[in-house]
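Chain naming here is simple, since letters A, B, ... match the order of the sequence lines and numbering starts at 1 in each. From a predicted model like this one, the values you see are computed outputs, not experimental measurements.
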There are 2 protein chains.
Amino acid sequence: MGTTQLESVPEPKYWHLKTVLTEALDSEFSVGEILPNERDLAARFGVARATLRQALEQLELEGRLQRRRGVGTTVAPPRMGVSVGSEQHAWPGGPDDAWHAVDCRLEVPPAALAEPLVTGSDEAVHVVRRSRVSRGQPVASELLYVPAASVPDLSGIDAPSGAARARAVLRELQHLELERQENAVELGSAGAAEARELDRLPGAPVLVVTTRYIARGRAAALSVATYRADTCRLTFGDSGGVEIHHGPERQAS
Amino acid sequence: MGTTQLESVPEPKYWHLKTVLTEALDSEFSVGEILPNERDLAARFGVARATLRQALEQLELEGRLQRRRGVGTTVAPPRMGVSVGSEQHAWPGGPDDAWHAVDCRLEVPPAALAEPLVTGSDEAVHVVRRSRVSRGQPVASELLYVPAASVPDLSGIDAPSGAARARAVLRELQHLELERQENAVELGSAGAAEARELDRLPGAPVLVVTTRYIARGRAAALSVATYRADTCRLTFGDSGGVEIHHGPERQAS
DNA sequence: AAGTGGTCTAGACCACATG
DNA sequence: ATGTGGTCTAGACCACTTT
């Protein structure tokens, strides 16, 4: 024959690059190790920097690489499993929940949330801001919308805002009997605020977990939590979750 | 004073573009409507095509747009909620599950899955391929790994492969008593095979749902399901899920 | 054949972190 | 000051769908 009649559908360069890099990561690199810079890598592979970046972007999306402006590109550790929507339903802020309250303000929620909250469109609700840290790294940022009707006894609390008030709202929530909770996960991108909180650039991919807490047949609270998609694997249902390993990938010295 | 001393941190053009486009989508466009082509849009906004594309990519990632090569860019409908990990644990292939079996082969699973499956590294297992369609659109593709030990009575089945054998394997699974299941969700990108199955380009963002089915204290099956991240919102726990609406967005005529 | 989005290039400049 | 990744440009060509 002579010519190998394959390549009738030549795969894009960045795709091939990604494959090569993935194999290199699996076999020749250690977690935490820094890669050559983009200009050198591009030259080494004989492609334009933009093409190389296309491959690196995908690898970062898959949690294999971590890139930081001004610093460099490093090999990322395996994603950490973070548990969401535990089997035994529980209010946020209860014992053994991984969050810590940051702030609380009284605000009118975005129009997009009016329906699931069952509040009037212009009705102000308590907005509790919480953050979640795992292994010393911020992994999620949450906005918890609590209609005033869900925490009727919120009096005698002098703090009009701040972490103290946030904890007070969460404490009052526990008094309600939780019927059930509804969860949803979808892909999103970090807004300016979440990006700062998660130590990422705006637009970074995030997993958005929306939880509706139902009590007495009504939505007593609505949580919108954004998790770093590059570093997190969300586990739910029963304990733990499944560990997936890439390759040899030793620990960097 | 004079100059508005803001813009000390000027936001990137593509970010601003994304904001403008989002507002336009919310107020001036209908679901299914086609946008002007990229060259025209770029010219209209006075930016390079690559910059415009950066904005469009993010909007597609967020499920607001749908782009198809050779066709154009259209306004995407709201994401559809697809239920995963139903509350009442059940084996795959049971009554009222949304999947349909496609194929089944006997293969050695990728090394990365050996540990969660608890099989020997070189042990072949049944690999059932299933696909899931919702509203006439493919939304997910699954590989279900079933160790031979989990389906001991798989004899008298003459079909060595194909959909018939796949259904047989699933049927045999029901005989085991399911202890519990462990779920995890993470972000990934479609490989060549999944991309074809999901009607997307390779590298498209997907939500990977890994489920480990536990019976008699051992992993009796392992499912790796990849969902289209652009069109799907995964719901779990109790029924339904939370509906989020963007804006007016009328239905296209 | 025409029109669309997808890939690729070779540059330039900017924002950020570090020495 | 230097080096990194992030943004942006103005072009070119390719793969695909539709007419």
For B/Arg68, report the nucleic acid contact type (base, sugar-phosphate, nothing); a contact means any heavy atom under 4.0 Å.
->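 Sugar-phosphate: the residue B/Arg68, judged by heavy atoms under 4.0 Å, touches backbone atoms but no base.
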From [atom1] of [X] over to [atom2] of [N], roughly how many Å is that when rounded to an integer?
X	N	atom1	atom2	value
A/Gln54	C/dA10	CD	C1'	16 Å
B/Asp230	C/dG5	CG	P	16 Å
B/Leu52	D/dC8	CG	P	12 Å
B/Lys13	C/dA12	NZ	C1'	13 Å
B/Ile34	C/dT4	CD1	C1'	10 Å
B/Arg53	C/dG5	CZ	P	9 Å
B/Glu60	C/dG5	CD	P	11 Å
B/Leu65	C/dG6	CG	P	11 Å

Any side-chain N or O of [X] under 4.0 Å from OP1/OP2 of [N]?
X	N	value
A/Arg67	D/dT4	no
B/Arg49	D/dA10	no
A/Thr73	D/dT4	no
B/Tyr14	D/dC8	no
A/Thr51	C/dT7	no

Quick one: list whatever passes side chain to side chain contact (heavy atoms under 4.5 Å, CB included) with [X], sequence neighbours left out.
X	result
B/Val20	B/His16, B/Phe45
B/Ile34	B/Thr74
A/Glu38	A/Arg49, A/Leu52, A/Arg53, A/Leu56, A/Arg67
A/Val102	A/His100, A/Arg129, A/Ser131

Between B/Leu35 and B/Leu65, what is the shortest heavy-atom contact and its length?
->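 Answer, listing the atom of B/Leu35 first, then B/Leu65: CD2-CD2, 4.1 Å.
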Which class fits the ring pair A/Tyr227 and A/Trp99: parallel under 30°, tilted 30 to 60°, perpendicular over 60°?
->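 It falls in the perpendicular class, over 60°.
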Sorted by number, the residues of residues 36-46 of chain A with heavy-atom contact under 4.0 Å to DNA chain D |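 A/Asn37, A/Glu38, A/Arg39 - these, ordered by number, are the residues of the stretch whose heavy atoms sit under 4.0 Å from the strand.
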Contact list for DNA chain D against residues 193-207 of chain A - heavy-atom distance below 4.0 Å =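 Hits under 4.0 Å, by residue number: A/Leu201.
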Go through the side-chain N and O atoms of A/Glu194 and A/Ser141 and say whether any donor and acceptor fall under 3.5 Å apart.
->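 No.
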Partners meeting side chain to side chain donor-acceptor pair (under 3.5 Å) with [X] (sequence neighbours left out):
X	result
A/Arg228	A/Asp230
B/Gln58	B/Lys18
B/Thr73	none

Just the table, please: protein N/O against nucleotides 17-19 of chain D N/O, every pair under 3.5 Å.
none

Between D/dT9, D/dT7, C/dC8, which nucleotide gets closest to the side-chain atoms of B/Ala48?
->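 Selected nucleotide (nearest to the side chain): D/dT9.
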Quick one: salt bridge (Lys or Arg N to Asp or Glu O under 4.0 Å) partners of B/Glu107, sequence neighbours excluded?
->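 So B/Glu107 forms a salt bridge (Lys or Arg N to Asp or Glu O under 4.0 Å) with B/Arg105.
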Can you check whether A/Leu187's main-chain N or O pairs, donor with acceptor, with B/Arg79's side chain at less than 3.5 Å?
->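 Yes, the answer is positive, given that a donor and an acceptor are paired below the 3.5 Å cut-off.
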